[in-house]
Amino acid sequence: MFPRSTRKRIRKVFGFAFLVYCFVYFVNSVNRPSNTGISILVPGTEDLCPTKPHSAARVRKPRKTQNIFFLETSGESCLTARQACSVESAARSNPNAIISVHMENSGLQNQKEIKAKLAGQTRNCAITHRLFKEWSNVKLVQEDLIQHLRNTTLWRLQEKSLLTQSIHPLTHRSDAMRVAMLWKYGGIYLDLDCLVLRPLYCLQNTVGLVDFLADWVENGVMAFEAGHPFLQFLMKYMVFAFKPEEYISLGPATLTDSIKYFCDRTELPAEEWFMCRNSSMILQPPRAFYAINNRRQNAFYHPEADPSDYEDLRHSYLSHIYDSGNGRSVPKKSLYGMLAQEFCPTTYQMASDEGEF
């Protein structure tokens, strides 16, 4: 038996060691990927996968590694904190997927689209480097992005110098590149203002509708297998429909029209598998990606989040954060702020320490 004074010292040592263990566990848990699909703010199930027609079976997880990719076409060398937040949220929610961020390295920038440095627009290299260092499933690809259009129908836009006539070059390049890359490689494309809430493994050959316009499909989230026949049709239609002065002439308007023509439909049903020219597709309902739509974008930035907005996101794979790159401030207790603290905590904390999220 140890003397009483010795026992006291032993208890103190073990007590201190236990506190150190708890602290280390807490720190590590902050950066541990969340792959359960169970959220504190938007609880629900990770299994949002729709059932196939004439079957009760849900879409199964793909056997091969999933490809999720983002595009940054400005020519900047680093991401903004809010862009990094999107990437971190995708990595945390999809730890078994490969998350690729493709960044323009040709130095091409068009001053017409470079904005004043407002809130959310400051490039943060420290956060960007931390992101790629800390997450083994996130990779940076710096390249001449226009080369992805080669060997696709969309190369005609480059050959005929149509893209150089654009008054929205960064947007038009991004709209074209995402389709070309999906057609070549397959995977899931996400805009850099998407906050991923759950695993995305069951998104296959799908895009999402919005609820503020009838039969309108956005192109901020697109998931297709490589070589899907619809993508080939879409690229041909994009070349035909392109107008250098129209912001969405390669985006949502063209995507919506292409689906209607390809599938010979005047109305677009949500949550329904349908065959178009021997190729299957599904349109996600508005709640899947755009539960809080463009007309309700102020909901993301109110000083105090409305509890009903969390409820709206219970059946969402992700949330497209409208207007996040246009200087809107993000109060700590706003909907955007609260979601960022849960789904991209590392990025949010680093940015907040510098006063710039």
Side-chain angles (χ1 to χ4, degrees), residues 44-60 62 66-69 175 178-179 181-183 186-191 193-238 241 248-296 312-320 322:
T45 175
E46 71 166 26
D47 192 3
L48 299 178
C49 301
T51 56
K52 291 186 176 181
H54 313 300
S55 170
R58 291 184 178 272
V59 175
R60 295 184 180 274
Q66 191 178 34
N67 172 39
I68 300 173
F69 69 96
D175 287 340
R178 71 189 67 176
V179 177
M181 292 175 70
L182 284 170
W183 186 76
I188 300 174
Y189 165 80
L190 302 178
D191 276 352
D193 53 4
C194 289
L195 197 61
V196 183
L197 312 177
R198 308 188 199 282
L200 306 180
Y201 62 81
C202 64
L203 296 182
Q204 302 168 24
N205 302 329
T206 190
V207 287
L209 292 158
V210 298
D211 57 6
F212 61 94
L213 288 174
D215 296 318
W216 185 262
V217 182
E218 293 273 49
N219 70 337
V221 182
M222 303 178 71
F224 282 94
E225 60 189 7
H228 194 283
F230 169 70
L231 296 178
Q232 180 63 44
F233 179 89
L234 174 59
M235 290 189 292
K236 290 179 180 179
Y237 190 77
M238 290 169 74
I248 58 174
S249 67
L250 292 180
T254 304
L255 177 60
T256 301
D257 288 344
S258 294
I259 293 174
K260 289 180 178 179
Y261 290 134
F262 185 77
C263 298
D264 193 22
R265 289 173 174 263
T266 56
E267 296 182 352
L268 300 178
E271 286 189 294
E272 179 180 316
W273 250 283
F274 51 92
M275 295 293 293
C276 305
R277 304 186 187 184
N278 297 320
S279 301
S280 63
M281 292 177 61
I282 186 172
L283 298 181
Q284 298 290 335
R287 67 175 180 269
F289 312 138
Y290 312 106
I292 299 174
N293 64 48
N294 192 27
R295 292 183 180 175
R296 292 186 56 222
D312 289 342
L313 295 171
R314 285 178 67 92
H315 299 285
S316 298
Y317 292 97
L318 56 88
S319 182
H320 192 281
Y322 287 99

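When every heavy atom of N67 is checked against every heavy atom of G186, the shortest pair comes out as ND2-O, 3.0 Å. For N219 against R178, the heavy-atom pair with the smallest separation is O-NH1, 2.8 Å. Annotation for I188 and L200: closest pair CD1-O, 3.5 Å, computed over non-hydrogen atoms.
By the 4.5 Å heavy-atom criterion applied to side chains, V179 and F224 are not counted as neighbours. For the pair L268/I259, a side-chain contact is recorded, criterion being any heavy-atom separation below 4.5 Å from C-beta on. A heavy-atom distance below 4.5 Å is found between the side chains of L313 and L197. Contact check for F69 versus L190: no side-chain heavy atoms found under the 4.5 Å cut-off. In this structure the side chain of V221 never reaches within 4.5 angstrom of the side chain of Y189, judged on heavy atoms. You'll find the side chain of F289 stays beyond 4.5 Å of the side chain of E218, heavy atoms only. The shortest side-chain heavy-atom distance between L234 and M222 falls under the 4.5 Å cut-off.
In this structure R295 satisfies the side-chain contact (heavy atoms from CB on, under 4.5 Å) test together with F212, L213, N293, sequence neighbours excluded. Annotation: side-chain contact (heavy atoms from CB on, under 4.5 Å) contacts of E225 (sequence neighbours excluded): N205, H228. Residues forming a side-chain contact (heavy atoms from CB on, under 4.5 Å) with I248 (at least two apart in sequence, or on another chain): W216, P252, A253. Here A270 pairs with L209, P285 under the side-chain contact (heavy atoms from CB on, under 4.5 Å) rule; sequence neighbours left out.
Checked by atom type and distance alone, the side chain of S316 pairs as donor or acceptor with a backbone atom of R287 at under 3.5 Å.
Within the structure, salt bridge (charged side-chain N to carboxylate O under 4.0 Å, His left out) contacts touching residues 200-213 (residues at least two apart or in different chains) do not occur.
Aromatic ring centres of Y290 and H320 lie closer together than 6.0 Å.
Annotation: the span from T206 atom OG1 to Q284 atom CD amounts to 3.5 Å, rounded to 0.5 Å. Taken to the nearest 0.5 Å, the OH atom of Y237 stands 11.0 Å off from the CZ atom of F230. Taking CG of L250 as the start and CE of M238 as the end, the distance is 4.5 Å to the nearest 0.5 Å.
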Taking distance alone, no hydrogens or angles, what donor-acceptor pairs closer than 3.5 Å link side-chain atoms of residues 274-283 to residues at least two apart or in another chain?
unit_1	atom_1	unit_2	atom_2	d
R277	NE	F262	O	3.3

